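Data block below; observations after.
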Amino acid sequence: MVATLSMSAPWSYAAGLHFDWVFFWHALVRPNSSFLLGFATTIYISIIAMALAIAVGLLLALGRRSRLWPLRAFASIYIWIVRGTPLLVQLVIVYDGFSAMGLLSFTDVTVLGIDVQGVVQAGIVTLALNEAAYMAEIIRAGIASVGVGQSEAGLSLGMTPGQVMRRIVLPQAARLIVPPLGNDFNAMMKSTSLLATIGVSELFLNAEEINSLTFRTFEIYSVAALYYLFLTTVWTLIQSTIEARLQSQLGIPRPPTFRQRLLGTGWRPMGGRVRDAA
Amino acid sequence: MSPAESTSEAEGFPAGAAAGRGTNVAVAAADVVKRFGRLEVLRGVSLEVGRGEVVVIIGPSGSGKTTFLRCINHLEKIDGGRIAVNGRLIGYRERSDGSLAEAPVRTIADRRSEIGFVFQSFNLFPHMTALMNVACGPLRVKRLPRRRSLDEAAALLERVGLADKLEARPTQLSGGQQQRVAIARALAMQPSLMLFDEATSALDPEMVGEVLAVIRDLAKGGMTMIVVTHEMGFAAEVADRVVMMDNGQIVEEGPPTQMFRAPAQVRTRDFLSKVL
């Protein structure tokens, strides 16, 4: 027993356990162009789908607050169905199911000189419509958090309810909306990997293709995971910048930046309210 | 209730609401009824306020003062009667049969833009500087040029003694300063009527004076005002007329000397004996 352990690590002799570091580093640092294209596809699908989701989600949130009951009913039923069914199932229904029924089939188009495959459109639309249901709830909660006194102050100046929403309520709701919204965007960037199942050539599908050619399964999926991790990490940094900016807009002091800590400028140690003696 | 009374209620007030256009009447409220669920908070309140007049409403908590004030710029819908400011109905339009229907959103907003409202809790917009709080009405509602809106806002803030706070956020201001910004914000719309809803009730005692001073200046300047307040000394000093409300009705009204020295009604005497 003791002799065995003192030998060179026994697990290195286990059958088939071999990590190809050369392949791994090469795939990580110098990926081929189609892998990079897949990576870019993941990024742009995420961004476009999220932008659409925010727009549709805002409409749904306003719909749920509408004075007209058909709008309220539509928004509620939409949110109920979309949040109650899996994204993967929604994907195959939108892309395969709709075209099988002859309802709607996505064909390749060219937008601003860029060819967009039908399957990519289906992916973006489904992700956006799915996320919109979640966004609607996030936005609704943000709107509800702004005190009714704020709306009344806007109305009493002569603003219309629409102006009050746009100028007074939404800018304040944004501070509460951004953290969960950022969380959802993080989740969505990872959910784009589901688009591989309908054949969108994004990051994960490219990793699968490399796997089927090289059988470096653990290595290439680790590389894919690291690329997703890179994306979500960059997003986390962006999100904290946005949050800090929104806080400072509300007069809440920003936490000191690294440079400010170093040079000691513009940082009030207590970060408290500035009050006049008057 | 006798049949005769119910008939007159159904017919409404043919003269009251339309009166005032081009006359000296700024506010004409006729038999205003307001219910919250089954609770009747205003039970037929009628009040006329002349141009340039300062009317102070006093009365115990829950008497309907604040609700009545909020009805005057349609922050509350009313369940009966009618309210006109400068001869035009607030919040409603009259159907050909004389009944009322809620006015279009635009019309309601237009009417409100002529009425300044100052809230007990200030309700400044926390995402804007003091200057933008004051400028946003002219900028967004009147759609005046940006430059002009900001210049006028700065002048107003100077007038309420906050020339050095233009770029301050509401969170950086004291309660008294916030309320002065809120008054400047209402004045920026150049209202013909100002409504003050317990404007000093949320303030620390040492800040009440600075806000009352601003309101006093406005009164001297001839602004038409309805002031709901618990500051009896201030009421006596600034009011042309004092109105006592209790239990959703106007109990008594008269000039401040009469109201504070020799009130006619027992309820007024009781109330004053508690607060003075």
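The structure presented is a predicted model; accordingly, all values stated were derived computationally and were not measured. So you know, we letter chains A, B, ... as the sequences are listed, proteins then strands, and number each from 1.
- For the atom pair S113(B) OG and M159(A) CE, the distance stands at 11.5 Å (nearest 0.5 Å).
- For the atom pair CZ of R167(A) and CE of M132(B), the computed distance is 8.5 Å after rounding to the nearest 0.5 Å.
- The CD atom of Q150(A) sits 8.0 Å away from atom CG of L124(B), with the distance rounded to the nearest 0.5 Å.
- Within a 6.0 Å sphere centred on CZ of R166(A), heavy atoms belonging to other residues, nucleotides or ligands number 12 at most.
- Counting non-hydrogen atoms of other residues, nucleotides and ligands closer than 6.0 Å to CZ of R216(B) gives a total above 12.
- Judged as a ring pair (Phe, Tyr, Trp, His ring centres under 6.0 Å), and not counting sequence neighbours, F125(B) has no contacts.
- Interface remark: R185(B) contributes backbone and side-chain atoms alike to the contact with chain A (heavy atom separation under 4.5 Å).
- Atom NE2 of H127(B) and atom CZ of R175(A) lie 12.0 Å apart (nearest 0.5 Å).
- Of the atoms belonging to Q163(A), it is side-chain heavy atoms, and not backbone ones, that fall under 4.5 Å from chain B.
- Note that the CD1 atom of I168(A) and the CG atom of N123(B) stand 11.0 Å from one another [nearest 0.5 Å].
- No more than 12 heavy atoms of other residues, nucleotides or ligands shown are found within 6.0 angstrom of CZ on F230(A).
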(message) What verdict does the side-chain contact (heavy atoms from CB on, under 4.5 Å) test give for R112(B) and T160(A), after you've listed the backbone C-alpha separation in whole Å, the side-chain angles of each residue and the deciding distance to 0.1 Å?
(response) CA-CA 10 Å; R112(B) 281 188 184 130; T160(A) 60; over 6 Å; no

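- Here the closest heavy-atom approach between residue C136(B) and residue L157(A) is recorded as SG-CD1, 4.1 Å.
- Within the model, atoms CG of L75(B) and OG of S156(A) stand 6.5 Å from one another, a figure rounded to the nearest 0.5 Å.
- When every heavy atom of G158(A) is checked against every heavy atom of V141(B), the shortest pair comes out as O-CG1, 3.6 Å.
- For E158(B), the CD atom is loosely surrounded, since the number of other residues' heavy atoms within 6.0 Å does not exceed 12.
- Using a 4.5 Å heavy-atom cut-off against chain A, no residue of residues 192-199 of chain B qualifies as contacting.
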